[in-house]
Protein chains: 2
Amino acid sequence: MTKTRLEAKQITRRNLIEASLKLSEEDGFATLSLRQVAKEAGITPAAFYRHFKDMDELGLVLVDEVGVRLRQLMRDARKGFDKKKSAVRNSVLTYIDYIVENPQHFRLLMGGNQAGTSAYQKALRNEIDRFIAELTDDLETTSRKMKLPIFHAAFASEAIVAVVFTVGAEALDLPKHRRQALEDRLVVEVNMILNGARIKG
Amino acid sequence: MTKTRLEAKQITRRNLIEASLKLSEEDGFATLSLRQVAKEAGITPAAFYRHFKDMDELGLVLVDEVGVRLRQLMRDARKGFDKKKSAVRNSVLTYIDYIVENPQHFRLLMGGNQAGTSAYQKALRNEIDRFIAELTDDLETTSRKMKLPIFHAAFASEAIVAVVFTVGAEALDLPKHRRQALEDRLVVEVNMILNGARIKG
DNA sequence: TGTACATCAGTGAACGCGCGTTCACTGATGTAC
DNA sequence: TGTACATCAGTGAACGCGCGTTCACTGATGTAC
């Protein structure tokens, strides 16, 4: 087995990634130290450098992983398996569930808005732009199918993503029983933006 | 003059506040150290404690000061002196101008979303809720005056503040000549939300 | 298969640094008489 | 007004701490013959 050593290295790399996600749950990625992550992953600080140049490089990997996963989730949610609910409500429920179950992922995408280097910032910005682009596509496709014109699909997507991220951040700080109100609010606000986007001018 | 010593103390306190605002311009308040602020204010680290219990207490003062100032500004902007432009465009222009001229203030209100203690978080949350409340009042008053019903004034305000803060964060990272596009975008999105809020359901 | 050498993930000690916090102090300002 | 004492904002040294980074090393895994 010529791969044993390589495999072991990849396991450690995985451990570093999982460790940073776990530790991000508390205060986000920006406040993590290399030593904390190495310790949580079960290696010495010096061994960290066998896998990543610095914390920033690890951060880029995390943003990418989380972005891919969250976009896939939202794509599935929009397809809307539960026909009893609107596509909007379906998506909102899926989204809120996900961020409550995976606060680390969400804090990762939010938190960097402020701290972090410019490379990390750009990666985050890029992920969010992807969300917006996918949503814009979806709105335009749906509009064509439904024969309901939409005048500002791109702007509407930007506004929706802004609202969705804002409400998501609030959801993390609330106890479970108050989440329902947030879901309802988010559904109303998203529909409000969609209605506005269907009006000319 | 029995006040000379007290006055001197208040000047130093002011210096600490101004120093932290100045240093916040770079990366926000969360990344500031007590020693940096003391140095910028021209005192030794130990003297800091004559004025504030810790950085968190200073943070609360800053959030309050900036919040008061920004709310006053937006109140004035909504009154809309420039009658050639819509109230929405007037407010958006004022807002973008302000955050570009005072990035420290804006970073202060944004940045804490992630880092900082719970007391600081709550103060921020509280400031933002005030913005939303004032905007809601304004929307309802205007609605009555114009005899244009509005069905979701509170939700619309939440959505508008979310969008406005998001776009504001983006404005800070852009060169001056690309700001115009952001203003236009913000005007369209805010109007979109207002239009949506005037539709029932 | 067995041996000799190369690779390299992870170790553990050491470094200098900026941090928050404490402490006894100084000396100008303020107060009482 | 003049003197003796109290107050207290600011000083400067010291502390222990966790940080990122470096380095020579170890020893298991991998490779060549």
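Chain letters run A, B, ... following the sequence lines, proteins first, then strands; residues in each count from 1. Please read all numbers here as calculations on a predicted model, not as lab measurements.
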DNA chain D contacts among residues 13-23 of chain A, heavy-atom distance under 4.0 Å: none
Interatomic distance, A/Tyr49 OH vs D/dC23 P [rounded to whole Å]: 12 Å
Donor-acceptor pair between B/Arg75 and B/Gln72 side chains, under 3.5 angstrom: yes
Interatomic distance where CG belongs to A/Leu32 and P belongs to D/dC19 [whole Å]: 10 Å
Spacing between B/Met55 atom CE and C/dG18 atom P, to the nearest angstrom: 17 Å
Separation of C/dT29 P from B/Ile11 CD1 (nearest whole Å): 13 Å
B/Glu26, CD atom: more than 12 neighbouring heavy atoms under 6.0 Å: no
Pairs satisfying ring-ring contact (aromatic ring centres under 6.0 Å, His included), at least one member in residues 156-178 of chain A, at least two apart: A/Phe106-A/Phe165
Dot-bracket notation for DNA chain D, counting Watson-Crick and G-U pairs under 3.5 Å, with | for partners on another strand: .||||||||||||||||||||||||||||||||
d(CG, B/Asp56; P, C/dT21) in whole Å: 11 Å
Taking every non-hydrogen atom, the tightest pair across B/Asn90 and B/Ala77: CB-O, 4.1 Å
Heavy-atom closest pair, residues B/Thr166 and B/Ala162: OG1-O, 2.8 Å
Nearest-angstrom distance from the residue atom CZ of A/Phe52 to P of D/dG20: 15 Å
Pairs meeting criterion ring-ring contact (aromatic ring centres under 6.0 Å, His included) with involvement of residues 30-64 of chain B, two or more places apart: B/Phe48-B/Phe52
Nucleotide D/dG20, atom C1' - distance to CG of A/Leu58 in whole Å: 15 Å
Contact letters for nucleotides 7-13 of chain C, in which S counts primed atoms plus P, OP1 and OP2 and B counts the base, heavy atoms under 4.0 Å: BSBBBB-
Side-chain (B/Ser20) to main-chain (B/Leu16) donor-acceptor, under 3.5 angstrom: yes
Donor-acceptor pair, side chain of B/Tyr98 and main chain of B/Leu73, under 3.5 angstrom: no
B/Phe131 side chain near B/Arg71 side chain, heavy-atom distance below 4.5 Å: yes
Contact under 4.0 Å: A/Ser33 side-chain N or O vs D/dG18 OP1/OP2: no
Euclidean distance, atom NZ of residue A/Lys39 to atom P of D/dG20 [Å, nearest integer]: 13 Å
Under 3.5 Å, which donor-acceptor pairs link side chains of residues 185-194 of chain B to any protein atom two or more places apart or in another chain?
| unit_1 | atom_1 | unit_2 | atom_2 | d |
| --- | --- | --- | --- | --- |
| B/Arg185 | NE | A/Glu158 | OE1 | 2.7 |
| B/Arg185 | NE | B/Glu189 | OE2 | 2.9 |
| B/Arg185 | NH1 | B/Glu170 | OE1 | 2.9 |
| B/Asn191 | ND2 | B/Val187 | O | 3.2 |

Under 3.5 Å donor-acceptor, A/Arg35 side chain and A/Pro45 backbone: no
